[in-house]
Amino acid sequence: MLPPPNLNPSVLSRAELPAETVALARFLIGKLLVRRLPEGNASGRIVEAEAYVVGDAAGHAYRGMTPRNRSLFLEHGHAYVCLVRGRSYLMNVSSERAGIGAGVLIRALEPCDGIALMQRNRGTARLLDLARGPGRLAQALQIDRRLDGVDLCCDGALWLGGDGCPPCAIERSKRIGIRRDAWRLLRFYCANNRFVSGQRRPNNC
DNA sequence: AGTGCGATTGACT
DNA sequence: GTCAATCGCACTA
């Protein structure tokens, strides 16, 4: 488990964010994703992310820009939010230069601030289920298509924070739930962290 | 204009 | 472990 979070982190500047997709995915592990809501902030530490690189057949930008995926082509550090299977929103951080379609899917958060708010949004009290998985994470932070394209390096409705975030040991694996280019080791996650997705949990913890 | 499907989740055997 | 819900959109015609 990581040390206690800084509940008043500073907004990461674009200059601090690596532009290159894999470097960005690694960099984001341990950083904070903060959602500002009328009721207060809801935030969590990013413990799992996947890179969808240039030329990646599994990436939503693979077939070029469309109305849905255009945010992936923004300069690095913008949000790309899409809907999958008619029910789950997925939140990505765009990477690379403007005009290049690539990004990093945020797959899991360790809840930090606004836990009661996230519990309400998710309809469960279980800490482990609040933001473990990309769809759950989006539901906990009330992320939907209205946030598509927002600048995550500005103090706004959704942003990335990093001040005082200690590093954690990062492990690497294949990505989850994809068919094309499934062999690539582009998933990064905090070692020994219970809030990482892709593993079944017993009911009692 | 119609069709097929997905970077998932939760319920159930 | 299996399986279906659910809908925007990309693709074909």
Side-chain angles (χ1 to χ4, degrees), chain A residues 21-22 24-29 33 44 46-74 76-96 100-111 118-150 152 158 160 171-190 194-205:
Chain A
T21 310
V22 173
L24 179 62
R26 294 193 83 107
F27 174 85
L28 288 176
I29 301 295
L33 181 64
I46 298 167
V47 294
E48 180 185 359
E50 288 177 352
Y52 288 85
V53 300
V54 176
D56 187 341
H60 286 180
Y62 185 57
R63 294 163 193 267
M65 196 190 299
T66 69
R68 178 179 65 177
N69 68 19
R70 65 194 155 87
S71 297
L72 276 178
F73 293 80
L74 295 171
H76 70 288
H78 289 80
Y80 163 55
V81 181
C82 65
L83 180 67
V84 286
R85 301 199 98 70
R87 57 168 58 174
S88 302
Y89 287 99
L90 309 185
M91 193 268 167
N92 295 250
V93 181
S94 69
S95 60
E96 310 292 343
I100 307 288
V104 174
L105 171 67
I106 309 301
R107 283 196 59 92
L109 303 179
E110 178 179 333
M118 292 192 238
Q119 287 171 326
R120 204 173 77 197
N121 292 338
R122 287 274 301 121
T124 178
R126 289 191 73 207
L127 212 55
L128 273 175
D129 282 342
L130 289 185
R132 181 167 54 84
R136 293 169 177 151
L137 168 170
Q139 189 179 35
L141 299 191
Q142 290 182 36
I143 293 171
D144 61 29
R145 278 236 87 183
R146 287 173 296 199
L147 290 172
D148 184 52
V150 305
L152 299 169
L158 184 64
L160 293 166
E171 294 187 342
R172 176 173 201 165
S173 75
K174 292 180 185 175
R175 295 172 293 184
I176 293 175
I178 56 165
R179 289 178 42 196
R180 294 174 297 180
D181 277 0
W183 54 272
R184 293 179 185 244
L185 300 175
L186 291 175
R187 171 173 175 254
F188 300 91
Y189 56 96
C190 276
R194 288 146 46 87
F195 295 91
V196 169
S197 78
Q199 42 199 303
R200 281 295 180 184
R201 293 288 171 194
N203 262 342
N204 56 10
C205 62

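Bear in mind that the values here come from a model prediction, so they are computed numbers and not experimental data. Quick note on labels: first sequence line is chain A, next is B, and so on, each numbered from 1.
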Visitor: May I ask you to decide whether A:Asp181 forms a salt bridge with A:Lys174, counting only side-chain N to carboxylate O separations under 4.0 Å?
Guide: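 A salt bridge is absent here (no side-chain N lies under 4.0 Å from a carboxylate O).
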Visitor: Within the structure, does a side-chain N or O atom of A:Arg136 lie under 4.0 Å from either OP1 or OP2 of B:dG10?
Guide: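 True: A:Arg136 side-chain N/O within range (under 4.0 Å) of B:dG10 OP1/OP2.
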Visitor: With respect to the phosphate group of B:dG10, does any side-chain polar atom (N or O) of A:Arg122 fall under 4.0 Å of OP1 or OP2?
Guide: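 Checking A:Arg122 against B:dG10: at least one side-chain N or O falls below 4.0 Å of OP1 or OP2.
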Visitor: Which pair of non-hydrogen atoms, one from A:Phe195 and one from A:Arg132, has the smallest distance, and what is that distance?
Guide: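 Between these two residues, the closest heavy atoms are O-CG, 3.5 Å.
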Visitor: Would you mind classifying the nucleic acid contact of A:Arg175 as base, sugar-phosphate or nothing, using non-hydrogen atoms under 4.0 angstrom?
Guide: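 A:Arg175: no heavy atom of the nucleic acid under 4.0 Å.
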Visitor: Please determine if a side-chain N or O atom of A:Arg63 lies less than 4.0 Å away from the OP1 or OP2 oxygen of C:dC11.
Guide: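 Result: yes.
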Visitor: Taking the side chain as everything from C-beta on, heavy atoms only, tell me whether A:Arg194 gets closer than 4.5 Å to A:Val47.
Guide: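 Answer no - side chains too far apart.
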Visitor: Whole-Å distance between C:dG8 P and A:Arg146 CZ?
Guide: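 For the pair A:Arg146 CZ and C:dG8 P, the rounded distance is 14 Å.
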Visitor: Can you tell me if the side-chain N/O atoms of A:Arg107 get under 4.0 Å from OP1 or OP2 in B:dA7?
Guide: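 Result: no.
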Visitor: Touch check for A:Arg85, heavy atoms < 4.0 angstrom, all strands: base, sugar-phosphate only, or nothing?
Guide: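 Contact class for A:Arg85: base.
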Visitor: Step by step, would you call A:Ile100 with A:Leu72 a side-chain contact (heavy atoms from CB on, under 4.5 Å)?
Guide: CA-CA 8 Å; A:Ile100 307 288; A:Leu72 276 178; over 6 Å; no
Visitor: In which ranges does DNA chain B form stems of 3 or more consecutive Watson-Crick or G-U pairs, distances under 3.5 Å?
Guide: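 Output for stems: B:1-6 with C:7-12, B:8-12 with C:1-5.
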Visitor: Which part of the nucleic acid does A:Ile178 contact within heavy-atom distance under 4.0 Å: base, sugar-phosphate only, or nothing?
Guide: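 If one applies the 4.0 Å heavy-atom cut-off, A:Ile178 turns out to touch the sugar-phosphate alone, with no base involved.
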Visitor: Just call it for A:Arg145: base, sugar-phosphate, or nothing, with non-hydrogen atoms closer than 4.0 Å on any strand.
Guide: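 Sugar-phosphate contact only.
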Visitor: Carefully, step by step, assess A:Asn69 and A:Tyr80 under the rule side-chain contact (heavy atoms from CB on, under 4.5 Å).
Guide: CA-CA 7 Å; A:Asn69 68 19; A:Tyr80 163 55; 4.1 Å; yes
Visitor: Ignoring backbone atoms, establish whether A:Ser88 has a side-chain N or O less than 4.0 Å from OP1 or OP2 of B:dT9.
Guide: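 Answer is no, no contact under 4.0 Å.
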Visitor: Any side-chain heavy-atom pair from A:Ile176 and A:Arg187 closer than 4.5 angstrom?
Guide: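 Yes, their side chains come closer than 4.5 Å.
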Visitor: Nearest whole angstrom, please: distance from the C1' of B:dC5 to the CG of A:Leu83.
Guide: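 Answer to the nearest Å: 13 Å.
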Visitor: What is the distance, rounded to the nearest whole Å, between atom CG of A:Leu90 and atom P of C:dC7?
Guide: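 It works out to 16 Å between those atoms.
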Visitor: With nearest nucleotide decided by heavy atoms, which residue, A:Arg87 or A:Arg68, maps closer to the 5′ end of DNA chain C?
Guide: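 Result: A:Arg87.
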Visitor: CG of A:Leu105 versus P of B:dG6: gap in Å, rounded?
Guide: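 In whole Å, B:dG6 P and A:Leu105 CG are 16 Å from each other.
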Visitor: Nearest-Å distance, CG (A:Leu185) to P (B:dA7)?
Guide: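 Spelled out: CG on A:Leu185 to P on B:dA7 is 19 Å.
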Visitor: In whole Å, I'd like the distance from the CG atom of A:Asp144 to the P atom of C:dT6.
Guide: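 After rounding, the gap between these two atoms is 19 Å.
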Visitor: For the pair made of CG in A:Asp148 and C1' in C:dG8, what is the distance, rounded to whole Å?
Guide: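 Atom-to-atom, A:Asp148 to C:dG8, this comes out as 13 Å.
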Visitor: May I have the distance from A:Arg179 (atom CZ) to B:dT8 (atom C1'), rounded to whole angstrom?
Guide: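 The answer, rounded to whole Å, is 16 Å.
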Visitor: Please compare A:Arg180 and A:Gln139 by the position of their nearest nucleotide in DNA chain B and report the one closer to 5'.
Guide: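 In this pair, the answer is A:Arg180.
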Visitor: Identify the residue among A:Arg136, A:Arg26, A:Arg107 that makes a salt bridge (charged side-chain N to carboxylate O under 4.0 Å, His left out) with A:Glu48.
Guide: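 When salt bridge (charged side-chain N to carboxylate O under 4.0 Å, His left out) is applied between A:Glu48 and each of A:Arg136, A:Arg26, A:Arg107, only A:Arg107 qualifies.
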Visitor: Answer yes or no: does atom CZ of A:Arg122 have more than 12 heavy-atom neighbours from other residues, nucleotides or ligands under 6.0 Å?
Guide: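 It does: A:Arg122 CZ has more than 12 such atoms within range.
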Visitor: Just compare B:dA7, C:dA10, C:dC7 and give me whichever is closest to any side-chain atom of A:Val84.
Guide: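 Selected nucleotide: B:dA7.
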